[in-house]
Amino acid sequence: MIPIITIEGPTGSGKSAIAMQLALELGTELISADSRQVYQKLDIGTAKPSKEEQEMVHHHLIDIIDIKETYTAGDFKNQAGKICAVLWSQKKIPIIAGGTGLYIRSLLHGLFTIPQVPIEVKQEFRELQEKNGLEFLHQYLSKIDPIAASKISVNDQQRILRALEVWKFTGTPITEHWKHQEHTSPFRALRIFISPNRSELYQRIEKRLDTMIEKGILREIEDLLHNGYDWRDPGMNAVGYREFIPYFTKLDSWQNCLIKAKQHTRNYAKRQWTWYNKCNFDLTISPDAITLSKLIDVVGHFCVDL
RNA sequence: GGCGAGAUAGCUCAGCCGGUAGAGCAGAGGCCUGAAAAGCCUUGUGUCCCCAGUUCAAUUCUGGGUCUUGCCA
């Protein structure tokens, strides 16, 4: 079993800083579990660690793909898994830090394994949806996989399409894949949750977004648009970016866009919170109560059992 | 000053021919198996600006007032 430490928490909770300290102390490296920091050129709005920080501690899975490419939980699971194995072979305990809950869950608890669904299959159902509507697809799903259909809302385009694609491509309903999924994990995780006070976090989010303006998020976006990137590109679907579309299409002021960006970041933090409520953490600690020595202590106990 | 337009949920607004109101967003809570910073679900009693009139009944019609806003001067 490979030991790993996770540092999790809502956006803006300060997990990156804590993870850095711990990595330095343990002489190990960080793996980012962040669905937006994987993208190159999305720097300011994703609060990516600076060059200096990245020199101090090696950060994996940052800046690995282009904005026009998609990245999935499966990609993360595979890549992070390999990196963990390599690090542990060097006697380094991998530290995973990031707010993308699904990524960490995929790594720790696995996904049912099927190859990437080909675009043709995806396309087929998109066309079917355009012709007959979403409701039709949901009814279709209820015939081939009633359990999935009952769990998935009629309006949940993403999951309806996914369930149909998986069934079409593999010949097996998605709920069957779930049943036969492997649940053993090659990891032994020490999971640490950074839990800030709600109103304090919201204040930090406000400040963080203001800082992004100061750092030049608008220029960053402008450059991207000038360099051939488009709002429809997968990477551009990010809080702190898409809210500025009205500004760049001259429909609203950047100030109003900023207000939206703050709201959406708060909404996002809340969604993360709800997700984390169901996770089992070994240590839950508020950002201001946390100290390096306390962390080392906990990690020490963890290491004794290895 | 003249001629219009508007005043309805925290915000932006819908409410045909009169029967005391409803969407989106925000807020709150929840879900989540390859788009997850995504996607989805639940949750809306507010002096319908004020006053008077018509009417069995006015947010909805009429008159007056107040405020906001557009155009012309």
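Letters go in sequence order (proteins before strands), and every chain restarts at 1.
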Between A/Gly45 and A/Gln263, just flag the one whose closest nucleotide in RNA chain B comes earlier from the 5' side.
A/Gln263
Separation of atom CZ in A/Arg271 from atom P in B/G39, rounded to whole Å
8 Å
Does B/G6 have a Watson-Crick or wobble mate here (both distances under 3.5 Å), and if so which one?
B/C67
Sort out the partner of B/U42 for me: Watson-Crick or G-U wobble, both distances under 3.5 Å, none otherwise.
B/A28
Taking pairing as Watson-Crick or G-U wobble with both contacts under 3.5 Å, can you name the mate of B/U60, or confirm there isn't one?
none
Backbone N/O of A/Lys48 and side chain of A/Asp43: donor-acceptor pair under 3.5 Å
no
Roughly how many Å is it from CH2 in A/Trp275 to P in B/C40, rounded to a whole number?
17 Å
Would one find a side-chain N or O of A/Arg159 under 4.0 angstrom from OP1 or OP2 of B/U33?
yes
Per atom distances to the A/Lys278 side chain, the nearest of B/A38, B/C41, B/C32 is B/C32
Do the rings of A/His58 and A/His60 sit parallel, tilted or perpendicular, given the 30° and 60° boundaries?
parallel
Nearest whole angstrom, please: distance from the P of B/A36 to the CZ of A/Arg162.
12 Å
From the candidates B/C31, B/C41, B/A26, the one with an atom nearest any side-chain atom of A/His264 is B/A26
Just the rounded figure in Å: distance from P of B/C25 to CZ of A/Arg242.
13 Å
Select base, sugar-phosphate, or nothing to describe what A/Thr113 touches, counting heavy atoms under 4.0 Å on all strands.
base
Which is true for A/Gln181 with a 4.0 Å heavy-atom rule: it touches a base, it touches only sugar-phosphate, or it touches nothing?
base
Under the criterion side-chain hydrogen bond (donor to acceptor under 3.5 Å, both in side chains), which of A/Arg271, A/Lys270, A/Lys278 is the partner of A/Thr274?
A/Lys270
Have a look at A/Phe76 and say if it touches a base, only the backbone sugar-phosphate, or nothing, with a 4.0 Å heavy-atom cut-off.
nothing
Taking atom P of B/A38 as reference, at what distance in whole Å does atom CG of A/Leu42 sit?
13 Å
Starting at atom CD of A/Gln158, determine the distance to atom P of B/A37, rounded to an integer number of angstrom.
12 Å
What verdict does the side chain to side chain donor-acceptor pair (under 3.5 Å) test give for A/Glu53 and A/Ser50, after you've listed the backbone C-alpha separation in whole Å, the side-chain angles of each residue and the deciding distance to 0.1 Å?
CA-CA 5 Å; A/Glu53 288 169 319; A/Ser50 65; 3.2 Å; yes
Which base, if any, makes a Watson-Crick or G-U wobble pair with B/C16, both distances under 3.5 Å?
none
Side chain of A/Lys122 only, heavy atoms from C-beta on: which candidate in B/U33, B/C41, B/A35 is closest?
B/A35
Does A/Asn155 have a side-chain nitrogen or oxygen under 4.0 Å from the phosphate oxygens OP1 or OP2 of B/G39?
no
Spacing of A/Tyr39 atom OH and A/Thr70 atom OG1 [to the nearest 0.5 Å]
6.0 Å
Taking atom P of B/A36 as reference, at what distance in whole Å does atom CG of A/Leu107 sit?
16 Å
A/Arg126 has its side chain closest, among B/A37, B/A35, B/C40, to B/A35
When rounded to whole Å, the NZ to P distance for the pair A/Lys262 and B/C11 reads 19 Å
Can you tell which of B/C25, B/A36, B/G34 lies closest to the side chain of A/Ile174?
B/G34
Below 4.0 Å: OP1/OP2 of B/A37 and any side-chain N or O of A/Thr100
yes
From B/A37, B/G34, B/G27, pick the nucleotide closest to the side chain of A/Arg266?
B/G27
So if I take every side-chain heavy atom of A/Val239 and compare against B/A37, B/U33, B/A26, which nucleotide ends up nearest?
B/A37
Does the gap between the ring centers of A/Tyr71 and A/Phe76 come in under 6.0 Å?
no
